[in-house]
Amino acid sequence: MAKENEIEGTLAAREIKLPDSVKILLDLQAEFNIQDTNVNTILTSLKIDDEESKKKRNYLYRRIKERLDVCQRCSLYLAENHTQKVPGEGALNSPLVLIGEGPGLEEDKMGHPFVGKAGQLLTTILNKLEIQRERVYITNIIKCRPPNNRTPLKKEILACSQNLQLELSIIQPKVIIALGAVPLNYFKPDSSIVRTRGQWINSREYWIMPTFHPAYILRQQGQTLNKIKWAVWQDFNKAINKAKEMCPEYKFYV
Ligand code: SF4
């Protein structure tokens, strides 16, 4: 923390605020005695699947979580049915990130994302596509459960975007699967998930594939259920193929 404090002190005098991602990378540099000062080189070195990089990724994950633990950027942490914040989970070096809406009852209780029925379905889809859940990163747009699972408000999404941006700036994924309307609208405002799913959104940094949220699949029946399942299957395939094409060396199953 010494380096962070020292630089922050100098910048505070000039009223400049360091982004969280820079702060924790400075700490990583100090903690692991990294001589390289190029942020991109440091982030690229974190992608390597070896023990040293794993230690660094674990350190960064702890730092991301620490920042989340003290987050009070919106009032959701005070909501009546809120138990705990639910951080993202998985491989910080994965080229593929999945983003849902927010924690539900089970996630709030357990403190892990996508662990309820919808989460189990998500794991099944990934496994059928030979993707180990632990080898991708799974997170949500907001990290606290809204009262009665209501849709998060725009101001809450905006407030929590700093937490999501911190995760994304460290992971630097190539491909994102946006699960449902809330993450879709985060990346492409005023979009309909029904009309937009299955179509690539190419933001400057990522390829984004919008698809239906697993909870939506669970609410369908009969013919509609088959149609929705097929659509999601196709969308996941497109996203995974793109991630594999862009990072052929990454092992999605170990
Ligand atoms: S929802 Fe996000 S911004 Fe709001 S308190 Fe929870 S972690 Fe912070």
Side-chain angles (χ1 to χ4, degrees), residues 1 4 8 17-25 27-28 57-92 94 97-119 122 133 136-173 176-191 193 203 205-206 208 210 213-216:
M1 297 284 277
E4 181 187 321
E8 264 201 307
K17 254 187 139 228
L18 278 177
D20 278 356
S21 56
V22 177
K23 286 184 196 170
I24 66 170
L25 282 176
D27 291 342
L28 178 85
R57 290 196 296 273
N58 288 344
Y59 173 84
L60 287 174
Y61 184 69
R62 283 199 302 277
R63 300 303 311 278
I64 292 172
K65 211 167 158 290
E66 274 167 27
R67 276 176 152 71
L68 184 65
D69 284 343
V70 295
C71 179
Q72 298 185 352
R73 290 190 182 105
C74 79
S75 57
L76 280 181
Y77 76 102
L78 296 169
E80 217 177 290
N81 57 5
H82 166 81
T83 313
Q84 57 192 316
K85 289 167 186 140
V86 180
E89 261 180 15
L92 246 57
S94 175
V97 167
L98 289 84
I99 306 178
E101 178 176 318
L105 178 67
E106 287 302 315
E107 288 77 17
D108 175 75
K109 222 180 345 173
M110 314 281 283
H112 300 288
F114 281 93
V115 286
K117 279 190 180 153
L122 179 66
R133 184 181 159 127
V136 296
Y137 190 84
I138 301 176
T139 191
N140 280 305
I141 290 284
I142 54 159
K143 316 297 195 220
C144 298
R145 182 188 176 209
N148 303 316
N149 289 350
R150 67 154 166 75
T151 306
L153 307 174
K154 273 192 181 156
K155 62 179 181 185
E156 293 159 351
I157 293 172
L158 183 67
C160 214
S161 66
Q162 292 197 34
N163 295 312
L164 180 64
Q165 282 312 319
L166 176 59
E167 293 171 296
L168 295 179
S169 60
I170 297 296
I171 301 170
Q172 301 216 310
I176 289 175
I177 301 180
L179 297 163
V182 171
L184 164 65
N185 278 279
Y186 176 80
F187 292 108
K188 193 172 183 230
D190 304 319
S191 302
I193 187 71
S203 79
E205 296 144 296
Y206 326 106
I208 299 156
H213 192 285
Y216 179 75

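None of these values were measured; they are calculated from a predicted model. When a ligand or atom number is given, it counts from 1 through the structure's own listing order.
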Test: Arg67 and Asp27 ion pair at under 4.0 Å: no
Interfacing atoms of ligand 1 (cut-off 4.0 Å, heavy-atom, Leu68): 7 (S)
Cys71 backbone acceptor or donor facing Lys85 side chain under 3.5 Å: yes
Donor-acceptor under 3.5 Å (Ser203 side chain, Tyr206 main chain): yes
Pairs flagged by salt bridge (Lys or Arg N to Asp or Glu O under 4.0 Å) wherever residues 102-112 is involved - sequence neighbours left out: Glu106-Lys109
Steps toward side-chain hydrogen bond (donor to acceptor under 3.5 Å, both in side chains) verdict (Tyr61, Arg57): CA-CA 6 Å; Tyr61 184 69; Arg57 290 196 296 273; over 6 Å; no
Count, waters excluded, of protein N, O or S atoms under 2.8 Å from atom 4 (Fe) of ligand 1: 1
Side-chain heavy atoms of Phe114 within contact of Asn140, under 4.5 Å: yes
